[in-house]
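Comments concern the structure below.
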Amino acid sequence: MAQLKNDLLLRALLREPVDRTPVWIMRQAGRYLPEYRQVREQAGDFMSVCSNPELACEVTMQPLRRYKLDAAILFSDILTVPDAMGLGLYFAAGEGPRFKRPVRKTADIRRLKRPDVERSLAYVFEAVRTIRRELNGSVPLIGFAGSPWTVATYMVEGRSSRDFATIKGLAAENPEALLSLLDTVARTTTDYLNAQIDAGAQAVMVFDTWGGALEGDDYRRYSLAAMQQIVDGLTREQDGRRVPVILFTKGAGAQLANMAETGCDALGVDWTTDLATARGYVEDKVALQGNLDPATLRESPEVIRQGVAEVLASYGNGPGHVFNLGHGITPDIDPAHLGVLIDAVHELSPPYHR
Ligand code: 1CP
């Protein structure tokens with residue numbers, strides 16, 4: 001395998017010295033890029049892009065051709081896991097993800113089987129290998145999965161939700177059934193991430209997009225515990241190098257100290273907690289990734305640069321910061337504005353590393 005030419009991301013995630021702050025963007029491949037929309041249209045739909053390793057590789061590379069990014073992220077989705085469990089993922093035109101066979105009753109949960117991920121998700125690992133070949137050591141490749149809680153919200157609700165009424169009802173009425181579902185998803189996700197690492201993912205991130213919907217004790221019981229189970233089961237070294245693990249719960253700034261105790265290497269931080277405060281919570285136990293408000297990308301280049309400057313200043317001096325947005329880039333963003341952000345990180349971050 002080609003020698004890694006730019007290892008800033010891996011170094012920063014392990015809080016090792018770097019000469020500038022590395023940057024990548026959640027959802028950096030996707031709908032804000034016209035070249036992505038073109039590939040998706042030609043392929044027919046989103047899952048046809050995910051399940052075709054050549055196309056998944058192509059859209060993974062697209063943002064790297066435009067911007068000086070320090071990482072690639074596998075093009076896939078968190079919902080490939082429940083799809084492999086037989087729930088029948090589909091995307092209704094113009095709407096979000098849906099499942100044909102949601103998991104609602106205790107009997108549904110009992111019937112769920114852990115799939116053989118090597119077989120049922122072989123297309124993902126083939127995409128990882130294809131992307132690693134194409135990257136040829138230019139930057140590291142991040143693999144990912146959803147947190148068991150976040151994935152379970154889609155499995156139980158059957159679709160995107162904002163109030164999580166069905167799964168919260170399950171938690172209230174039958175917590176043991178929910179814990180059993182989370183355990184099945186956590187084991188499957190551990191297998192899935194380890195297979196991504198085996199195929200060549202050099203860092204992995206767990207996206208807990210909906211953990212912030214839980215009250216503190218419930219967060220620890222239903223979201224954090226299952227992420228802990230994953231961290232405990234992950235391959236932490238591959239080809240003589242540590243494989244950093246990033247956990248990201250959106251909307252759970254108050255939980256950062258607990259998250260830092262899991263043994264992960266880094267935490268994603270959304271824009272509602274400033275990095276100086278977050279750094280205080282985690283006491284430099286882990287690296288931090290984030291956290292410019294994605295809405296800033298709608299503003300002028302001057303405002304974007306100012307936003308970048310403020311995030312860098314908030315983290316302050318020393319290693320352990322990976323620049324990112326506080327959540328994914330939205331489809332309405334002008335691609336030129338993302339260029340302004342990335343150039344600003346390159347230009348403004350070196351003084352924090354002297
Ligand atoms: O082309 C399209 O219309 C599909 C849009 C799309 C894309 C580009 C979906 C459907 N998924 C993705 C790719 C994706 N999803 C990536 C690719 C890599 C990259 O970042 O460039 C990643 C990391 C995800 C992860 C993901 N999927 C999350 C967690 C991260 C986050 O942003 O919070 C979640 C919650 C999903 C579910 C999902 N899949 C797709 C959509 C539109 C959604 C969100 C639905 C909802 O809001 O409930």
Side-chain angles (χ1 to χ4, degrees), residues 76-89 97 99 101-117 120-121 143-196 204-234 245-252 254-256 258-264 267-268:
S76 188
D77 198 73
I78 65 168
L79 301 177
T80 55
V81 168
D83 188 45
M85 296 172 99
L87 275 66
L89 174 65
F99 284 111
R101 293 172 290 279
V103 173
R104 289 265 159 75
K105 302 188 204 68
T106 333
D108 302 331
I109 294 173
R110 233 181 280 125
R111 259 199 307 273
L112 270 184
K113 288 202 186 62
R114 279 172 60 196
D116 173 356
V117 298
S120 52
L121 292 163
F144 73 91
S147 78
W149 163 259
T150 290
V151 169
T153 65
Y154 292 93
M155 294 173 76
V156 173
E157 304 288 339
R159 54 184 295 168
S160 298
S161 173
R162 289 297 175 264
D163 58 10
F164 308 103
T166 317
I167 193 167
K168 285 191 175 183
L170 181 64
E173 283 151 33
N174 197 344
E176 293 311 317
L178 176 56
L179 288 170
S180 149
L181 170 61
L182 293 167
D183 177 71
T184 305
V185 178
R187 287 166 190 264
T188 307
T189 303
T190 306
D191 293 346
Y192 179 53
L193 287 173
N194 281 339
Q196 289 185 33
V204 292
M205 175 153 166
V206 179
F207 287 89
D208 184 28
T209 308
W210 306 123
L214 290 166
E215 173 272 328
D217 285 339
D218 284 347
Y219 172 77
R220 288 185 288 278
R221 186 170 190 202
Y222 297 121
S223 182
L224 189 60
M227 289 198 284
Q228 174 80 66
Q229 192 180 342
I230 292 170
V231 172
D232 290 342
L234 285 179
V245 181
I246 311 160
L247 301 184
F248 171 57
T249 297
K250 183 165 171 275
Q255 298 292 341
L256 288 166
N258 290 322
M259 296 172 77
E261 298 294 333
T262 55
C264 68
L267 294 175

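This structure is a prediction, so every number in the text was calculated from the model and none was measured. For the numbers below, each heavy atom of this structure counts, side chains included, while hydrogens, waters and symmetry mates do not.
Closest approach of Thr209 and Lys250 over heavy atoms only: O-CB, 3.6 Å. Considering every non-hydrogen atom in both Ala226 and Ala186, the closest pair reads O-CB, 4.0 Å. When all heavy atoms of Pro102 and Gly158 are compared, the pair lying nearest together is CB-CA, 3.8 Å. The shortest non-hydrogen separation linking Phe248 to Met205 is CB-CE, 3.6 Å. Summarising the geometry of Ser223 relative to Gly211, their closest heavy-atom pair is OG-CA, 4.3 Å, with the distance given to 0.1 Å. Summarising the geometry of Arg221 relative to Ala225, their closest heavy-atom pair is O-CB, 3.6 Å, with the distance given to 0.1 Å.
Annotation: side chain of Leu170 is in contact with side chain of Ile109 (closest heavy-atom distance under 4.5 Å). Counting heavy atoms from C-beta on, the side chains of Ile230 and Pro148 come closer than 4.5 Å. Taking the side chain as every heavy atom from C-beta outward, Leu234 and Val204 approach each other to under 4.5 Å. Side-chain contact between Leu121 and Thr80: present, with at least one pair of heavy atoms (C-beta onward) separated by less than 4.5 Å. Looking at heavy atoms from C-beta onward, Cys264 lies out of side-chain contact with Met227 at the 4.5 angstrom threshold. Here the side chains of Leu193 and Val206 are in contact, with some heavy-atom distance below 4.5 Å. Here the side chains of Asp77 and Asp83 are not in contact, with every heavy-atom distance at 4.5 Å or above. By the 4.5 Å heavy-atom criterion applied to side chains, Leu179 and Tyr222 are counted as neighbours.
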If you apply the rule side-chain contact (heavy atoms from CB on, under 4.5 Å), what do you find for Val151 with Thr189, and how did you get there?
CA-CA 10 Å; Val151 169; Thr189 303; 5.8 Å; no
Applying side-chain contact (heavy atoms from CB on, under 4.5 Å) to Leu214 and Phe164, what does each step give before you reach the verdict?
CA-CA 10 Å; Leu214 290 166; Phe164 308 103; over 6 Å; no
Test side-chain contact (heavy atoms from CB on, under 4.5 Å) on Asp208 and Leu247 and set out the steps.
CA-CA 8 Å; Asp208 184 28; Leu247 301 184; over 6 Å; no
Let's go through Met155 and Leu87 carefully: what are the C-alpha distance in whole Å and the side-chain angles of both, what is the deciding distance for side-chain contact (heavy atoms from CB on, under 4.5 Å) to 0.1 Å, and is it a yes or a no?
CA-CA 8 Å; Met155 294 173 76; Leu87 275 66; 3.6 Å; yes
Walk me through it: do Gln228 and Thr262 pass the test side-chain hydrogen bond (donor to acceptor under 3.5 Å, both in side chains)?
CA-CA 6 Å; Gln228 174 80 66; Thr262 55; 5.1 Å; no
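Between Asp217 and Arg220 there is a salt bridge, since at least one side-chain N of the basic residue sits less than 4.0 Å from a carboxylate O of the acidic one. Between Asp183 and Arg187 there is a salt bridge, since at least one side-chain N of the basic residue sits less than 4.0 Å from a carboxylate O of the acidic one.
No donor-acceptor pair closer than 3.5 Å links the side chain of Asp108 to the backbone N or O of Arg101.
The CG atom of Leu89 sits 11.0 Å away from the OH atom of Tyr154 when rounded to the nearest 0.5 Å. Residue Met85 holds its CE atom at 5.5 Å from OG1 of Thr184, rounded to the nearest 0.5 Å. To the nearest 0.5 Å, atom NZ of residue Lys113 and atom OG1 of residue Thr188 are 12.5 Å apart. Taken to the nearest 0.5 Å, the OG atom of Ser147 stands 7.5 Å off from the CD1 atom of Ile78. Between atom CD1 of residue Ile167 and atom CZ of residue Arg104 there is a gap of 10.5 Å, rounded to the nearest 0.5 Å. Note that CG of Leu178 is 4.5 Å distant from CG of Leu182, once rounded to the nearest 0.5 Å.
Centroid-to-centroid, the aromatic rings of Phe207 and Phe144 come within less than 6.0 Å.
For Arg159, the CZ atom sits in a loose shell: 12 or fewer heavy atoms of surrounding residues, nucleotides or ligands are nearer than 6.0 Å.
Counting only N and O atoms by type, the side chains of Tyr219 and Trp149 include no donor and acceptor under 3.5 Å apart.
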